[in-house]
Amino acid sequence: MTLVAQAGIVLGVTVISVALLWAARRGPYNERFASEVGEHNKAFDFLGTAFAVLLAFVVLEAYDSYNSAKSGTELEAQAVLELSRTAEAYEPEENARLKGALVCYGRAVIHDGWPAMREESSSQLVNDWGTRFRQEVLGLSPSTFIQKDSFRQMLIEQDERIEGRRTRLAEAIRVVPLPLWIVLLIGAALTIGWVILSAGRKGSFLVQGAVVVSVSVMVMSALLLVWFLDHPFADEHGAITPIEMEHALHTIDEEVEASHLIEVAPPCTAEGDPVERLD
């Protein structure tokens with residue numbers, strides 16, 4: 001959902017609320033509603049407090065999920081970069097194969113993994129390149145002390161890569177379930193509706209309208225914030241992007257060019273699709 005769409009929702013709800021206020025003030029039972037609703041301020045206090053507490057809880061939960069998704073993305077990208085550097089302990093041919101598989105994995109994450117997460121699913125292409133890299137690691141034959149130590153380090157970094165991916169995939173699943181959304185929407189409607197019903201026609205429409213506008217804008221903005229945090233990988237401004245993985249791949253390319261020791265020809269296209277069948 002774009003910022004323009006969110007602004008449109010807030011504006012639309014606000015206009016409808018003000019229109020309902022205008023209609024309520026001219027209703028035949030306005031004075032009766034306004035006087036009797038005013039007698040139940042404690043009920044409104046309970047409603048407002050319950051909605052605020054529930055909303056605060058949901059926002060905190062969604063924000064925690066958003067942060068976890070971002071942390072998992074960063075951990076995965078950092079692990080890919082560290083794996084590339086650890087691979088330099090091996091012979092140039094083995095090093096090139098490992099780096100090539102890692103680059104393809106990163107490209108698949110960027111171009112196939114992110115669109116898949118927006119649909120709350122995982123990318124089979126990323127799975128395949130992860131398996132390919134694992135096979136390349138298990139096919140190594142470390143002989144020197146440095147290579148044996150690097151092999152152990154590579155296994156640790158491989159676990160970190162897997163953990164980072166597992167975390168971001170887990171957080172791609174919506175945190176706020178549909179029943180909770182229904183409760184939040186009911187709470188929002190009741191909160192705005194109570195303010196409208198308590199407005200008597202003897203009062204100033206300008207003042208009452210300002211109150212209704214303030215409540216409507218705040219309530220809808222909070223709900224849209226929950227929606228934003230509940231969609232951390234959506235294609236919109238402020239969402240989590242694969243920029244960390246892009247930076248990791250860029251750093252790998254720079255380090256390969258600076259070393260002048262190997263030539264890495266990733267067995268995939270720029271989008272991560274294999275140029276030959278992955279076994």
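Values below: all heavy atoms of this structure, side chains included; hydrogens, waters and symmetry mates excluded. One-based numbering along the sequence shown.
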Between the CD atom in Gln6 and the CH2 atom in Trp227, the distance rounded to the nearest 0.5 Å is 7.0 Å

Do the non-hydrogen side-chain atoms of Val137 and Gln158 ever get within less than 4.5 Å of each other? no

A quick test of your reading: do over 12 heavy atoms of other residues, nucleotides or ligands sit less than 6.0 Å from CG of Leu185? yes

Would a single hydrophobic cluster contain both Leu224 and Ile182, if residues Ile, Leu, Val, Met, Phe, Trp and Tyr are joined by side-chain heavy-atom contacts under 4.5 Å? yes

Which residues pass the side-chain hydrogen bond (donor to acceptor under 3.5 Å, both in side chains) test with Gln147, not counting sequence neighbours? Ser143

Measuring from Arg107:CZ to Asp112:CG, what's the distance to the nearest 0.5 Å? 14.0 Å

How long is the straight-line distance from CD of Glu88 back to CG of Asn95, given to the nearest 0.5 Å? 6.0 Å

Side chains of Leu54 and Val183, heavy atoms from C-beta outward: is any pair under 4.5 Å? yes

Which residues pass the salt bridge (Lys or Arg N to Asp or Glu O under 4.0 Å) test with Asp149, not counting sequence neighbours? Arg152

What pair of heavy atoms forms the shortest contact from Val219 to Ala188, and how long is it? CG1-CB, 3.3 Å

Can you find a pair of side-chain heavy atoms, one from Glu136 and one from Arg132, that are under 4.5 Å apart? yes

Between Ile240 and Ala69 the two heavy atoms that sit nearest each other are CD1-CB, 3.7 Å

Does Leu180 belong to the same Ile/Leu/Val/Met/Phe/Trp/Tyr cluster as Leu223, with side-chain heavy atoms less than 4.5 Å apart forming each link? yes

Non-neighbouring partners of Thr191 that pass side-chain hydrogen bond (donor to acceptor under 3.5 Å, both in side chains), sequence neighbours left out: none

Check the surroundings of atom CD1 in Ile243: do more than 12 heavy atoms from other residues, nucleotides or ligands lie under 6.0 Å from it? no

Should we count CZ of Phe57 as having more than 12 external heavy atoms under 6.0 Å? no

So which atom in Leu102 and which in Leu249 form the shortest heavy-atom distance, rounded to 0.1 Å? O-CD2, 4.3 Å

Is the NZ or CZ atom of Arg161 positioned over Tyr105's six-membered ring, under 6.0 angstrom from the centre and within 45° of the axis? yes

Using the rule that Ile, Leu, Val, Met, Phe, Trp and Tyr join whenever any side-chain heavy atoms are under 4.5 Å apart, tell me whether Leu206 and Ile196 fall into a single cluster. no

Compare all side-chain heavy atoms of Cys104 with those of Pro267 and state whether any distance is below 4.5 angstrom. yes

Of all pairs that satisfy side chain to side chain donor-acceptor pair (under 3.5 Å), the ones with a partner from residues 204-214, not counting sequence neighbours: Arg25-Gln208

Under the side chain to side chain donor-acceptor pair (under 3.5 Å) definition, can you give me all pairs with a residue in residues 52-70, not counting sequence neighbours? Ser65-Glu171

Check the side chains of Glu255 and Ser84 for a donor-acceptor pair under 3.5 angstrom, ignoring hydrogens and angles. no

Using the test side-chain hydrogen bond (donor to acceptor under 3.5 Å, both in side chains), find all partners of Ser17 that sit at least two apart in sequence or belong to another chain. Ser216

Rounded to the nearest 0.5 Å, how far apart are CZ of Phe151 and CG of Leu138? 6.0 Å

Asp230 side-chain N/O to Val176 backbone N/O, donor-acceptor pair under 3.5 Å: yes

OG of Ser123 to NE2 of His111: how many Å apart, nearest 0.5 Å? 11.5 Å

I'd like to know if Val80 and Leu155 are part of one continuous hydrophobic network [Ile/Leu/Val/Met/Phe/Trp/Tyr, side-chain heavy atoms within less than 4.5 Å]. yes

Is there a side-chain contact between Thr251 and Arg85 (heavy atoms, below 4.5 Å)? yes

Determine, step by step, whether Thr73 and Trp114 satisfy the side-chain contact (heavy atoms from CB on, under 4.5 Å) criterion, reporting the C-alpha distance in whole Å, the side-chain angles of both residues, the deciding distance to 0.1 Å, and the verdict. CA-CA 11 Å; Thr73 299; Trp114 244 253; 3.6 Å; yes

When hydrophobic residues are tied together by side-chain contacts of less than 4.5 Å, even through go-betweens, does Leu47 share a cluster with Ile186? yes

Could you pull out the closest heavy-atom pair between Val59 and Leu229, with the gap in Å? O-CD1, 3.9 Å

Exam field: side chain Arg165 to backbone Glu76, donor-acceptor pair closer than 3.5 Å: no

Measure from the side-chain N and O atoms of Trp129 to the backbone N and O of Ala108, and report whether any donor-acceptor pair falls under 3.5 Å. no

Identify the two heavy atoms, one from Met154 and one from Tyr90, that lie closest to each other, and give their separation to 0.1 Å. CE-CE1, 4.0 Å

Applying side-chain contact (heavy atoms from CB on, under 4.5 Å), run through Leu98 and Thr86 and close with a yes or a no. CA-CA 10 Å; Leu98 291 171; Thr86 304; over 6 Å; no

Compare all side-chain heavy atoms of Val195 with those of Leu21 and state whether any distance is below 4.5 angstrom. no

Step by step, would you call Ile252 with Val103 a side-chain contact (heavy atoms from CB on, under 4.5 Å)? CA-CA 8 Å; Ile252 291 174; Val103 169; 4.2 Å; yes

Has Glu254 got more than 12 heavy atoms of other residues, nucleotides or ligands less than 6.0 Å from its CD? yes

What pair of heavy atoms forms the shortest contact from Val18 to Val212, and how long is it? N-CG1, 4.2 Å

Any Val275 side-chain heavy atom under 4.5 Å of Pro266 side chain: no

Testing the 3.5 Å rule here: is there a donor-acceptor pair between the side chains of Gln78 and Glu74? no

Before you tell me yes or no, could you show the steps for Leu190 and Phe51 under side-chain contact (heavy atoms from CB on, under 4.5 Å), namely the whole-Å CA-CA distance, both residues' side-chain angles and the distance that decides it to 0.1 Å? CA-CA 9 Å; Leu190 289 176; Phe51 179 68; over 6 Å; no

Does the salt bridge (charged side-chain N to carboxylate O under 4.0 Å, His left out) test come out yes or no for Arg166 and Glu163, once each step is laid out? CA-CA 5 Å; Arg166 185 200 65 78; Glu163 177 62 20; 2.8 Å; yes

